[in-house]
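Okay, structure first, notes after.
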Amino acid sequence: MHKDSGSKQPHLQHPQKSARHGLAYEVIDVDAFDDTVVEAGPSNVGTATTRQPDYDSVKRTPSPSKSERITKTRPVRDEGAVLRPKIESVPLETPKYGPLIVSPSVFEVDSRVWPPNKTIPYSLLAHALSTLTTTRSRITILNILTNTLRVILQAHPPSLLPALYLLSNTLAPAYDSVELGLGYSVILKAIQHVSGLSSGALKRLYTKTGDPGDVAFEAKSNVRTLVPHPPLLITGVYESLVQISKAKGPGAAKQKQSLVEKLLVAAKGEEVRFLVRTLFQNLRVGAVRTSILTALARAMVMTPPASIRDSIAADSPYYASDDLVAAVKHNPLNRLSEKFTNAERLLKQVYVQHPNYGHIAKALAEGGLEGLPDRVPFTVGIPLLPTLGSPTRSLDEIYDRLEDLPFAAEFKYDGQRAQIHGWKNAPDGSVAVKIFSRHLEDMTEKARISTSLTSYLFFSDSNLESLIMDTEIVAIDPGNGDLRTFQELSNRARKDVQVNEIKVVVCVFAFDLLYLNGQVILQEPFRARRSLLRSKFPPVIPEWRGAARLDHVKSVDSEAGRDAVEEFWQEAVESRVEGLMVKLLDSGQVLTDPSDKKDRPRRKPLPATYEPDKRTAAWLKLKKDYVTGLGDSLDLVPIGGWHGNGRKHQWWSPILLGLYNPALGKLVAVCKCMSGFSDVFYKALTEKYADGSENCSRQNLWDVETGGTPQVYFKPQEVWEIRGADVTVSPVSVAALGLVSDSRGLSLRFPRFMKVREDKSIEQASTPDFLAGMYRSQQGKGGKGEGVDDGDLLDASMESEPEESEIDLSDS
DNA sequence: GGTGTCTGCCC
DNA sequence: ATTCTGC
DNA sequence: GCAGAATGGGCAGACACC
């Protein structure tokens with residue numbers, strides 16, 4: 001559910017026929033049973049949660065059928081070996097857990113609850129996650145996670161890796177492309193099947209809670225299982241998820257659903273909530289990745305696994321002796337925090353260069369923290385997390401932040417980030433290439449053409465042994481090399497790419513070099529890395545027009561003077577690029593607070609090294625659409641909305657926005673928007689358009705034209721300024737339909753709310769003609785390449801383009 | 001076999 | 001991607 | 001300033017359904 005809740009998702013709008021396929025269950029009328037029925041019993045995990053089951057929405061179901069009201073579900077087939085403990089028997093009762101929400105210095109792993117080498121029940125994680133939801137304090141969150149991992153490290157180290165995956169909403173390293181292939185549809189069918197509730201009841205629960213895990217928890221609290229299930233184990237749940245990910249081919253959806261149902265049937269109490277959140281890959285407990293790494297480091301400091309305990313040196317910078325732990329109870333300001341800091345820095349450094357929990361968990365079990373970077377090293381073929389840029393809003397701001405430190409300003413192309421690895425294999429000298437996306441997915445196959453280019457680099461330079469390059473892959477015109485749009489790049493095939501069937505020609509714009517011939521060069525300043533990149537890898541324009549080109553990003557250095565930089569920015573604005581990336585060339589020092597005008601302002605070091613996983617202040621991005629007056633602004637009317645999820649569940653979010661079509665006197669939907677609203681604004685908005693009030697209806701009362709169907713319609717009455725990066729040709733939008741394409745409308749990329757236009761009435765909102773003009777004006781820039789090429793675009797040359805002054809309505 | 005739905009992943 | 005929020 | 005959360009448009013591919 002973390003992805004989309006609008007028209008693309010059913011959003012529980014289409015009641016499902018009650019699913020009775022897959023694993024056969026008997027749905028049993030609850031009235032047929034009395035309290036003597038064997039019950040799994042409410043688990044005693046999650047004592048910290050304050051949520052209580054609320055049957056309201058179930059009771060309010062209009063004339064519920066018996067079977068959908070309160071039911072029991074009895075599995076009539078074997079529950080599947082995956083969920084069964086394989087080695088030793090595990091007691092059916094959930095263990096009594098002590099509180100995890102205490103300082104690690106006073107927390108003790110209770111050996112009565114946790115005898116060594118017993119597999120750990122999933123209920124420990126559910127308990128931990130449930131405890132996490134009671135706080136927003138970073139310190140407390142870290143304490144809870146640290147204590148949880150200490151239990152695992154002491155009692156059953158083999159559970160560590162699956163626990164890390166379950167806590168981090170992942171199944172495998174990103175570059176291993178393991179996917180659950182589960183989403184809204186399958187999971188809700190499974191919940192429906194297991195709970196026996198109608199889809200209408202689930203829909204009401206979902207609207208109320210805004211969380212599928214909460215829906216499952218409440219739905220299942222109505223169900224009492226007849227057969228007590230052995231407890232879910234951390235290892236077992238993880239294995240089940242892997243099973244789900246492996247279901248492929250015809251019948252896969254049913255197979256996945258059946259595996260989900262087995263998990264749901266076996267889950268008790270809070271386990272249900274977090275299991276379902278895990279299936280949605282959105283745990284929503286305030287801990288994603290950094291917190292988990294930090295907690296793992298701290299857990300290792302305090303409770304190293306037995307396998308390495310004997311080999312710990314007394315003077316280790318990482319491990320806390322029993323004496324130290326005892327001392328910290330009386331004097332918190334001792335060296336424990338120093339050890340935490342050391343361990344965190346070490347573990348994070350290792351992870352960002354080798355993001356693989358499997359390798360890290362194994363190395364920790366075998367040798368602990370000491371020497372970890374040697375056992376989990378930087379490795380060509382394994383992606384490192386990329387450096388990211390911080391947004392800025394003007395060149396002035398950039399000069400304020402970097403002062404007179406030299407920098408390079410580079411074109412920021414609108415393509416796809418690609419980290420290219422290439423190396424020669426030792427035995428036969430064959431060349432291997434891997435290409436990774438910004439989020440470290442392996443896209444070698446999709447980027448076959450860039451893979452060939454990389455191989456070519458090795459063939460043309462026999463001294464080349466290995467490389468890792470940071471690049472942007474951009475669609476280009478094969479004839480003249482003109483830049484093409486992101487949308488066109490997206491048309492590339494992603495699987496089974498045949499080199500002789502290339503439809504989208506690309507240029508690989510290289511902008512950084514991280515590794516060369518066995519040498520890690522992250523620690524070199526950008527000037528040195530760039531110089532190596534330029535000298536070792538000159539541009540390549542192959543003769544065959546379908547082949548990928550290699551080029552360097554267009555750039556200018558600040559040493560050329562501010563006028564040259566200003567001019568370069570103007571060039572970027574006029575070309576089909578997103579803007580500039582400004583990068584510090586040499587490490588230096590900058591003001592802590594550029595607006596601070598004191599005599600002796602504080603300064604902080606600013607390294608020009610490659611900083612994996614950092615949104616560094618040494619890389620500043622300046623995008624056209626951040627700059628007032630340059631981006632595409634539309635004045636749109638809020639015409640509908642959806643119930644939000646998670647922290648926004650009490651508000652309308654996203655909001656559907658419309659253009660005003662003066663010819664029809666009607667509003668036409670363009671896009672949804674969920675960004676740019678403050679909580680205060682949401683609150684006021686949700687009150688103004690209160691569900692059921694005269695301003696808000698389930699029916700399309702005000703006759704607006706919508707592509708999809710919002711959950712509610714708003715009475716059109718106000719105008720908002722909405723900023724976007726680009727106008728896109730949309731397969732779903734009905735806005736400006738027929739003006740640019742007969743079959744497709746127009747929409748907005750990266751829409752966000754700027755402000756209410758108090759001065760405008762809805763008749764003064766932007767029109768379809770205006771939007772179409774904006775699109776054409778955008779197409780006119782940066783060469784002649786057409787952004788969309790499937791023949792249904794209308795000839796723009798006959799239409800008038802709006803004057804530049806008409807484009808920006810943001811201020812007048 | 002064609003169309004629609006769902007999912008994951010680019011930005 | 002963008003943006004907001006709490007710590 | 002970091003970390004986390006909510007969710008935008010839009011594409012290909014896999015599968016479900018008819």
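Source: prediction; values computed, not measured. Letters A, B, ... are given to chains in the order of the sequence lines, protein chains preceding strands, and every chain is numbered from 1.
- Checked against D:dC15, D:dG13, B:dC6, the side chain of A:Lys495 finds its nearest nucleotide in D:dG13.
- Residue contacts shown for A:Gly644 are limited to sugar-phosphate atoms, with no base heavy atom under 4.0 Å away.
- Judged by atom type and distance alone, A:Arg494 reaches the base of D:dC11 through a side-chain donor-acceptor pair under 3.5 Å.
- A:Val727 comes within 4.0 angstrom of no nucleic acid atom, judged by non-hydrogen atoms across all strands.
- A stem is defined here as three or more consecutive Watson-Crick or G-U pairs, each with both distances under 3.5 Å; for DNA chain C these stems are C:1-7 with D:1-7.
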What does the list of N/O pairs under 3.5 Å between the protein and nucleotides 5-7 of chain C look like, with a distance for each?
| from | atom 1 | to | atom 2 | distance (Å) |
| --- | --- | --- | --- | --- |
| C:dT5 | OP1 | A:Asp679 | N | 2.8 |

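- Contact check on A:Arg723 versus A:Asp625 returns no salt bridge, with no Lys/Arg side-chain nitrogen under 4.0 Å from an Asp/Glu carboxylate oxygen.
- For A:Ile473 and B:dC11, the CD1 to P distance is 10 Å, given to the nearest whole Å.
- Electrostatic pairing of A:Asp414 and A:Arg576 does not count as a salt bridge here, judged by no charged N lying under 4.0 Å from a carboxylate O.
- Distances shown here put a side-chain N or O of A:Lys623 below 4.0 Å from the OP1 or OP2 atom of C:dT2.
- With C:dT3, D:dC15, B:dT7 as the candidates, the nucleotide lying closest to the side chain of A:Tyr184 is B:dT7.
- Nearest nucleotide to the A:Lys248 side chain, out of B:dG8, D:dG4, D:dC15: D:dC15.
- For A:Lys621, the listed nucleotide lying nearest its side chain is C:dT2; candidates were D:dA5, C:dT2, D:dA12.
- Counting any heavy atom pair closer than 4.0 Å across all strands shown, A:Lys614 reaches no nucleic acid atom.
- When each of D:dG10, D:dA3, B:dC6 is scored by its nearest atom to the side-chain atoms of A:Ser185, the top-ranked nucleotide is B:dC6.
- Between A:Asp414 atom CG and C:dT2 atom C1' the separation is 15 Å, expressed in whole Å.
- Here A:Arg393 lies in heavy-atom contact (under 4.0 Å) with sugar-phosphate atoms only.
- With respect to A:Asp214 and A:Lys208, no salt bridge is recorded, no charged nitrogen being found less than 4.0 Å from a carboxylate O.
- Residues that satisfy the ring-ring contact (aromatic ring centres under 6.0 Å, His included) test with A:Phe677, not counting sequence neighbours, are A:Phe681, A:Tyr682, A:Trp720, A:Phe753.
- For A:Ser633 and A:Glu721, the side-chain atoms include at least one donor-acceptor pair closer than 3.5 Å.
- The residue A:Ser291 sits close only to the backbone: its heavy atoms come under 4.0 Å of sugar-phosphate atoms, none of a base.
- Within 4.0 Å (heavy atoms only), A:Tyr626 reaches sugar-phosphate atoms of the nucleic acid but no base atom.
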